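When reading the values below, keep in mind they use all heavy atoms of this one structure, side chains included, and skip hydrogens, waters and symmetry mates. The chain is numbered in sequence order, starting from 1. Counting convention: from 1, in listed order, for ligands and their atoms alike. Computed from a predicted structure; not experimentally measured.
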Amino acid sequence: MKISVAGTGYVGLVTAVCLAEKGNDVTCLDIDEDKISLLQKGISPIFEPGLEELMKKNKDNITYTNDYLKAYNDAQVIIIGVGTPEKKDGSANLKYVYEVARQIAQTVEHDCVVIVKSTVPVGTNDKVEQIIRENKKNNIFIEVVSNPEFLSQGTAVKDTLHATRIVLGVESKNAESTLREMYNNFNIPIVVTDRRSAEMIKYAANDFLALKISYINEMANLCEIVGANIDDVAKGMGMDPRIGDRFLNAGIGYGGSCFPKDTKALHWLASFNDYELKTVKAAIEVNENQKIKLIKKSRKYFDSFNGLNIAVLGLTFKPGTDDLRDAPSLVNIPLLIEDGAHVKAWDPVGADNFRKLFPDEIHYCESIEETLVNADICFIFTEWTEIKNFPLNKFKKLMRNPLILDGRNCYPLTEAEEAGLIYESIGRKKVN
Ligand code: UGA
């Protein structure tokens, strides 16, 4: 099939490369010239395991361009995978989606199917269809399909090639059969529904996962108060298949480009329709408080950070990505700096992006060891494998004061104690 994909971010680029892997002829379009020139050289502008290898393997089936006329001209399917960033009021900014819809309408001269893959509020697909109808220059038939994406950053390629389900929100049998043909080789269960329900599935799924995280974080907070251990509580809960054991890791809250944005967008949509989404509102509030939990814990040891040497391990919102969007580090580090701390930080892939935001205020280190030298406190914001595997006895050897505030529960409590550390994590206590 001839497929064009607008947007080369996590959703657009990964989808495009995986569709090429399944034998389609794919064109990737982006307005960002730098991104396209990197892609043309075989370099992925995003850090995503396995992506560049697949780009290389399928290079004869993928074209990268800034020219939308070229991209849309003869495509049978056009996928919209552009960003829907958060607006100040929490709603999703749809201007990029609508701009692509207008360009498609003004360019395409043959029947085709337009797929909206970007995460968009309920009713957006209808609006995309309306824009196309009002702007198309020929008497052609363009159908719009909602086909939300469920990939996670860091495992995006695997999540796309082996997705748990494909959701198709269609308004006609013709559109359904085109999409079934496109996904023919994927061998993944397909859920067919109408467009509005498909749009809703994406938000409902993401917000449920965000709620699950906020729920376990609240349970962890309560465990600390009543003297229980969240590790065991989560294990005991998760063995019930109705609950499931995933997304029950307590910590300093969720970040990333999706949960924070999608919870706020759904909450906004409900409010706009005069309905208060109380559970989602609670998930958002719990998460905001959770992000500064380690700072609150540190008050037990220091009244102020002024003049202290602080080591920060992990900057990204989760391991396996260089993405910093809504990462807890972005909330905590400015608080430390404002209070007069000397901050040294290490992250295996996120440091360069962090440096763009804080070029001079932080000393960026090449290794965990270098970060820890002479530190009074070590904050852990991301559970990178390198951090989890770091020998605990080195903390004591390298730091001036071995106080570890671990926001991702990286180490067993007994081992931390045996290594002579003052170790604070989230919701845990030693069980004899
Ligand atoms: C999320 C969803 O998991 C995907 O299914 C969805 O497709 C994607 O959003 C999207 O809408 O595009 P992602 O944001 O890449 O994926 O990352 P997650 O692995 O879901 O992690 C999000 C945040 O939750 C991270 O900050 C992570 O540290 C945190 N988290 C996750 C926890 O604090 N505890 C957990 O148990 C799990």
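Counted by atom type alone, Lys429 and Asn229 present zero donor-acceptor pairs between their side chains at under 3.5 Å. Looking only at atom types and distance, the side chain of Asn93 has no donor-acceptor partner in the side chain of Glu86 under 3.5 Å away. Residues Asn389 and Thr385 bring no donor and acceptor atom of their side chains to less than 3.5 Å of each other. For Arg428 and Ser425, the side-chain atoms include at least one donor-acceptor pair closer than 3.5 Å. Under the 3.5 Å distance criterion, with hydrogens and angles disregarded, no donor-acceptor pair is assigned to the side chains of Gln290 and Ser214. At a cut-off of 3.5 Å, with distance as the only test, a side-chain donor of Ser172 or Glu143 sits close to an acceptor on the other residue. Side-chain N/O atoms of Asp67 and Thr65 include no donor and acceptor closer than 3.5 Å. Side-chain contact, Asn221 with Lys293: a donor N or O sits under 3.5 Å from an acceptor N or O. Under the 3.5 Å distance criterion, with hydrogens and angles disregarded, no donor-acceptor pair is assigned to the side chains of Asp406 and Tyr411.
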Exercise for the section: Would you check, one step at a time, whether the test side-chain contact (heavy atoms from CB on, under 4.5 Å) holds for Val26 with Ser4? Expected result: CA-CA 6 Å; Val26 184; Ser4 283; over 6 Å; no

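Among all protein heavy atoms, the one lying closest to atom 14 (O) of ligand 1 is Phe317 CE1, 3.8 Å. Atom 16 (O) of ligand 1 has its closest protein heavy atom at Ser152 OG, 3.5 Å. Atom 37 (C) of ligand 1 has as its closest protein heavy atom Phe247 CD2, 3.5 Å. With hydrogens left out, the protein atom closest to atom 34 (N) of ligand 1 is Asn249 O, 3.0 Å, a heavy atom. Remark: minimum distance from atom 15 (O) of ligand 1 to any protein heavy atom is reached at Gln153 N, 2.7 Å. Scanning all protein heavy atoms for the shortest distance to atom 5 (O) of ligand 1 gives Phe150 O, 3.0 Å. At the shortest separation from atom 10 (C) of ligand 1 among protein heavy atoms lies Cys258 SG, 2.8 Å.
Only the side chain of Arg408 comes within contact range of ligand 1, with a heavy atom under 4.0 Å; no backbone atom does. Using a 4.0 Å cut-off between heavy atoms, Ile213 contacts ligand 1 through its side chain alone, with no backbone atom that close. Here Leu151 has backbone heavy atoms under 4.0 Å from ligand 1, and that is the only part of it that gets that close. At a heavy-atom distance under 4.0 Å, no atom of Tyr10 approaches ligand 1. Residue contacts with ligand 1 for Lys202 involve side-chain atoms from C-beta outward but no N, CA, C or O (heavy atoms, distance under 4.0 Å). Contact annotation for Lys318 and ligand 1: only side-chain heavy atoms (C-beta onward) come within less than 4.0 Å of the ligand. Contacts between Asn217 and ligand 1, counted as non-hydrogen atom pairs separated by less than 4.0 Å, are absent for every part of the residue.
In this pair, Phe186 and Tyr183 present their aromatic rings perpendicular. The plane angle is above 60°, beyond the 30 to 60° band.
Taking any N or O of Gly256, backbone or side chain, none lies under 3.5 Å from an N or O belonging to ligand 1. No N or O atom of Thr119 sits closer than 3.5 Å to an N or O atom of ligand 1.
A centroid separation of less than 6.0 Å is found between the aromatic rings of Phe390 and Phe395.
Using 4.0 Å as the threshold, Gly251 has no heavy atom nearer than that to any atom of ligand 1.
Atoms of ligand 1 found under 4.0 Å from any heavy atom of Glu149, numbered from 1 in the order shown, are 7 (O). Using a 4.0 Å cut-off to heavy atoms of Tyr254, the atoms of ligand 1 that qualify are 23 (C), 24 (O), 26 (O), 29 (C).
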